[in-house]
Amino acid sequence: MTAGGWFEEAIHAHATQKLEITQVLYSSDTELQKILIFENPTFGRVMTLDGVVQVTEGDEFIYHEMMAHVPILAHGAVRDVLIVGGGDGGLLEEVLKHPVARATMVEIDRGVLDLARRYLPSICKDAFDDPRAELVIADGARHVAETDARYDVVLIDSTDPVGPGEVLFQREFYAGCKRCLKPGGILVTQNGVAFVQGEELTSSWRHFDALFADPAAYAVAVPTYIWGFMALGWASDDPAHRRRPLAAIEERYAAAELDTRYYNPEIHLGAFALPTYMKELMR
Ligand code: SAM
């Protein structure tokens with residue numbers, strides 16, 4: 001919603017956030033979603049889809065660093081990565097900081113990708129042009145059900161479970177993710193802000209618990225994903241990934257020579273220490 005010079009987020013029935021619009025850069029519908037990109041004095045350029053904040057220049061580093069580096073450094077030998085969604089290119093950019101062989105991004109809406117290139121270059125940088133990046137315009141659910149490719153890490157950087165994103169929160173999709181994970185692979189999912197979207201975390205965790213040996217989640221505080229900790233779902237058949245000692249994470253972090261502003265080895269491990277209200281959602 002835009003009211004005068006303000007964007008009011010339409011994600012929660014009884015609470016909202018408002019972001020001042022100093023300039024609308026783009027506002028239109030693709031075949032699938034309504035896309036609004038605007039300038040805000042605090043967060044820089046902001047992209048929303050169907051009235052929900054997706055990414056901002058100001059705080060995208062937080063979410064993308066935690067979604068990329070926690071599974072990749074926990075795994076330790078990632079060559080092939082699948083990103084489902086992630087049309088703004090920020091997660092792809094972060095993943096490609098690692099010496100991966102290939103990063104495949106399956107994004108359902110070409111419009112998001114094209115607009116990110118045009119209006120959000122500080123987020124995607126040149127990730128879309130990296131020779132290791134494979135860009136696929138398709139439904140992620142169909143991709144994981146049909147691909148012959150296998151991945152060490154699968155990252156679901158999707159919208160919320162509405163519209164095209166809805167299918168990415170269902171048991172069949174997660175079974176497809178498991179199907180295309182290599183042995184010992186790791187699945188990480190965008191699972192909403194637990195304090196106001198707790199049912200998302202519960203539902204995904206129950207699917208993970210039925211499909212994987214080690215269902216879990218970790219927490220990240222993203223300012224524009226408001227109302228508390230965002231849950232990143234975690235699923236793997238190798239529990240050791242989540243229990244790497246700090247020294248091992250520190251060694252891998254140093255070797256990766258990453259320049260991060262949120263991620264560090266201590267917060268990698270600390271992020272899995274969840275508040276009780278979030279642990280109670282994972283049953
Ligand atoms: N970081 C954001 C968050 O946590 O909410 C997500 C950002 S990214 C823009 C979300 C992307 O998921 C969008 O570009 C959207 O088009 C894509 N998407 C939604 N449903 C999808 C599907 N079924 N397959 C592939 N991509 C999908």
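Side chains are part of it too, since the values below use all heavy atoms of this structure and drop only hydrogens, waters and symmetry mates. In this text, all values refer to a predicted model and were calculated from it rather than measured experimentally.
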Trainee: Within a 6.0 Å radius of atom CZ on Arg171, are there more than 12 heavy atoms belonging to other residues, nucleotides or ligands?
Mentor: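 More than 12 heavy atoms, drawn from other residues, nucleotides or ligands, come within 6.0 Å of this atom.
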Trainee: In the structure I gave you, are the side-chain heavy atoms of Leu113 and Phe128 within less than 4.5 Å of one another anywhere?
Mentor: yes
Trainee: Would Thr48 and Val46 count as a side chain to side chain contact (heavy atoms under 4.5 Å, CB included) if you check the C-alpha gap in whole Å, the side-chain angles of each, and the deciding distance to 0.1 Å?
Mentor: CA-CA 7 Å; Thr48 75; Val46 178; 4.1 Å; yes
Trainee: Just checking Glu31: does its CD atom have more than 12 heavy atoms from other residues, nucleotides or ligands closer to it than 6.0 angstrom?
Mentor: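 At most 12 heavy atoms, drawn from other residues, nucleotides or ligands, come within 6.0 Å of this atom.
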Trainee: In sequence, state the C-alpha distance, the side-chain angles, and the governing distance for Val106 and Ile83, and then conclude on side chain to side chain contact (heavy atoms under 4.5 Å, CB included).
Mentor: CA-CA 6 Å; Val106 181; Ile83 296 170; over 6 Å; no
Trainee: Should Phe173 and Leu155 be regarded as members of a common hydrophobic cluster, given that ILVMFWY residues are connected when their side-chain heavy atoms come within less than 4.5 Å of each other, either directly or indirectly?
Mentor: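 In one cluster with Phe173: Leu155, no.
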Trainee: Assess whether atom CD of Glu146 is packed by more than 12 heavy atoms of other residues, nucleotides or ligands within 6.0 Å.
Mentor: yes
Trainee: Would His241 and His75 count as a close aromatic pair, with their ring centres under 6.0 Å?
Mentor: yes
Trainee: Assess the side chains of Gln33 and Asp50: does a donor N or O sit below 3.5 Å from an acceptor N or O?
Mentor: no
Trainee: Classify the side-chain pair Glu60/His64 by whether it contains a donor and acceptor separated by less than 3.5 Å.
Mentor: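 There is such a pair between these side chains.
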Trainee: Closest heavy-atom contact between Val154 and Cys177?
Mentor: CG1-SG, 4.2 Å
Trainee: With a 6.0 Å cut-off (strictly less than), is the heavy-atom count around CZ of Arg79, excluding the residue itself, greater than 12?
Mentor: no
Trainee: Kindly indicate whether the side chain of Gln190, heavy atoms from C-beta on, has any atom under 4.5 Å from the side chain of Leu168.
Mentor: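 The answer is no; the side chains never approach within 4.5 Å.
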Trainee: Quick one: does Glu107's side chain have a donor or acceptor within less than 3.5 Å of a partner on Asp109's backbone?
Mentor: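 Confirmed, Glu107 side chain pairs with Asp109 backbone.
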Trainee: Describe, in one word, how the ring planes of Tyr26 and Tyr119 are oriented to each other, choosing from parallel (under 30°), tilted (30 to 60°) and perpendicular (over 60°).
Mentor: tilted
Trainee: Taking a hydrophobic cluster as the set of Ile, Leu, Val, Met, Phe, Trp and Tyr residues connected by side-chain heavy atoms closer than 4.5 Å, whether directly or through intermediates, do Phe229 and Leu269 fall within one such cluster?
Mentor: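 Yes, Phe229 and Leu269 fall within the same hydrophobic cluster.
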Trainee: For Tyr174 and Phe208, take the angle between the two ring planes, folded into 0 to 90°, and tell me which bin it lands in: parallel under 30, tilted 30 to 60, perpendicular over 60.
Mentor: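 Because their plane-to-plane angle is over 60°, the rings of Tyr174 and Phe208 count as perpendicular.
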Trainee: Establish, for the pair Lys178 and Phe212, whether the NZ or CZ atom is under 6.0 angstrom from the six-membered ring centre and no further than 45 degrees off its axis.
Mentor: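 Judged by the rule (NZ or CZ under 6.0 Å from the ring centre, within 45° of its axis), Lys178 counts as positioned above Phe212.
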Trainee: Does any donor atom in the side chain of Glu57 or Ser122 lie under 3.5 Å from an acceptor atom in the other side chain?
Mentor: yes
Trainee: Roughly how far, to the nearest 0.5 Å, is the NZ atom of Lys34 from the OG atom of Ser27?
Mentor: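 One gets 3.5 Å once the value is rounded to the nearest 0.5 Å.
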Trainee: Out of the candidates Asp88, Asp129, Asp126, only one should pair with Arg117 under the salt bridge (Lys or Arg N to Asp or Glu O under 4.0 Å) rule; please name it.
Mentor: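 So, applying the salt bridge (Lys or Arg N to Asp or Glu O under 4.0 Å) to Arg117 and each of Asp88, Asp129, Asp126, only Asp129 qualifies.
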Trainee: Any side-chain heavy atom of Val24 sitting closer than 4.5 Å to one from Glu39?
Mentor: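 Counting from C-beta outward, Val24 and Glu39 never come under 4.5 Å.
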Trainee: If every non-hydrogen atom of Ala133 is compared with every non-hydrogen atom of Ala127, which pair is closest and at what distance?
Mentor: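 Closest approach of Ala133 to Ala127: CB-O, 3.5 Å.
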Trainee: Could you tell me whether Arg102 and Asp152 have a side-chain N and a carboxylate O separated by less than 4.0 Å?
Mentor: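 Answer for the salt bridge query: no.
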Trainee: When the ring planes of His143 and Tyr151 are compared, do they come out parallel, tilted or perpendicular, using 30° and 60° as the limits?
Mentor: tilted
Trainee: Is a donor on one side and an acceptor on the other found under 3.5 Å between the side chain of Arg132 and the backbone of Ala101?
Mentor: no
Trainee: Please examine the side chains of Val167 and Asp139, heavy atoms only from C-beta on, and report whether any two atoms are closer than 4.5 Å.
Mentor: yes
Trainee: Check whether any side-chain heavy atom of Asp80 sits under 4.5 Å from a side-chain heavy atom of Arg150, and report yes or no.
Mentor: no
Trainee: Hey, could you give me the CZ/NE2 distance between Arg242 and His268, rounded to the nearest 0.5 Å?
Mentor: 10.5 Å
Trainee: Please say yes or no: joined through hydrophobic side-chain contacts below 4.5 Å, possibly via intermediate residues, are Ile108 and Ile156 part of one cluster?
Mentor: no
Trainee: Quick check: closest heavy atoms across Pro41 and Glu20, and the distance to 0.1 Å?
Mentor: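 Looking at all heavy atoms of both residues, the closest pair is CG-OE1, 3.7 Å.
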Trainee: Between the side chain of Ser203 and the main-chain N/O of Glu199, is any donor-acceptor distance below 3.5 Å?
Mentor: no
Trainee: Looking only at non-hydrogen atoms, find the nearest pair between Ile35 and Gly111 and report the distance.
Mentor: CD1-C, 4.2 Å
Trainee: Is it true that atom CZ of Phe195 has more than 12 heavy atoms of other residues, nucleotides or ligands lying nearer than 6.0 Å?
Mentor: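 Result for CZ/Phe195: open.
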Trainee: Check the surroundings of atom NZ in Lys279: do more than 12 heavy atoms from other residues, nucleotides or ligands lie under 6.0 Å from it?
Mentor: no
Trainee: Working to the nearest 0.5 Å, report the span between NE2 of His12 and CD of Gln17.
Mentor: 8.0 Å
Trainee: Is it the case that one hydrophobic cluster holds both Leu96 and Val188, taking links as side-chain heavy atoms less than 4.5 Å apart, direct or via other members?
Mentor: yes
Trainee: Please report the shortest heavy-atom distance between Ala175 and Leu211, naming the atom on each side.
Mentor: N-CD1, 3.6 Å
Trainee: With rounding to the nearest 0.5 angstrom, report the CG to CD distance, Asn264 to Glu65.
Mentor: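 So the gap between those two atoms works out to 9.5 Å.
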Trainee: Going hydrophobic residue to hydrophobic residue with side-chain gaps under 4.5 angstrom, can you get from Val70 over to Ile267?
Mentor: yes
Trainee: If you define the side chain from C-beta out and look only at heavy atoms, does anything of Ile249 sit under 4.5 Å from Glu266?
Mentor: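 A side-chain contact is absent here, since even the closest heavy-atom pair is not under 4.5 Å.
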Trainee: Any donor and acceptor pair, going by atom type alone, linking the side chain of Arg45 with main-chain N or O of Ile123 inside 3.5 Å?
Mentor: no
Trainee: Hey, could you give me the CG/CZ distance between Leu32 and Arg110, rounded to the nearest 0.5 Å?
Mentor: 12.0 Å
Trainee: List the atom of Val81, the atom of Val100, and the distance in Å for their closest heavy-atom pair.
Mentor: CG2-CG1, 4.1 Å
Trainee: Could you tell me whether the side chain of Val136 reaches within less than 4.5 Å of the side chain of Met105, counting heavy atoms only?
Mentor: no
Trainee: Heavy-atom count around Glu251 CD within 6.0 Å, excluding the residue itself: above 12?
Mentor: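 No - once you tally the heavy atoms of other residues, nucleotides and ligands closer than 6.0 Å, there are 12 at most.
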Trainee: Taking the side chain as every heavy atom from C-beta outward, state whether Glu200 and Val193 have any atom pair closer than 4.5 Å.
Mentor: no
Trainee: After noting the C-alpha distance and the side-chain angles of Asp214 and Ser236, does the key distance pass the side chain to side chain donor-acceptor pair (under 3.5 Å) rule?
Mentor: CA-CA 5 Å; Asp214 187 34; Ser236 175; 5.9 Å; no
Trainee: Would you compute the distance between atom CD1 of Ile11 and atom OG1 of Thr159 and round it to the nearest 0.5 angstrom?
Mentor: 10.0 Å
Trainee: One pair to check against side chain to side chain contact (heavy atoms under 4.5 Å, CB included): Asn191 and Leu232. What are the steps and the verdict?
Mentor: CA-CA 5 Å; Asn191 261 130; Leu232 293 178; over 6 Å; no
Trainee: For a side chain to side chain contact (heavy atoms under 4.5 Å, CB included) check, start with the C-alpha distance between Leu49 and Val112, then their side-chain angles and the critical distance, and finish with the verdict.
Mentor: CA-CA 9 Å; Leu49 291 177; Val112 176; 4.0 Å; yes
Trainee: Specify whether Tyr253 and Tyr263 have parallel, tilted or perpendicular ring planes, treating 30° as the upper limit for parallel and 60° as the lower limit for perpendicular.
Mentor: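 Rings of Tyr253 and Tyr263: tilted, as their planes differ by 30° to 60°.
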Trainee: More than 12 heavy atoms of other residues, nucleotides or ligands under 6.0 Å from CG of Asp29: is that the case?
Mentor: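 Yes.
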Trainee: Taking the six-membered ring for Trp, are the ring centroids of Tyr218 and Phe272 within less than 6.0 Å of each other?
Mentor: yes
Trainee: Aromatic rings Tyr225 and Tyr63: how do their planes relate, parallel, tilted or perpendicular, breaks at 30° and 60°?
Mentor: perpendicular
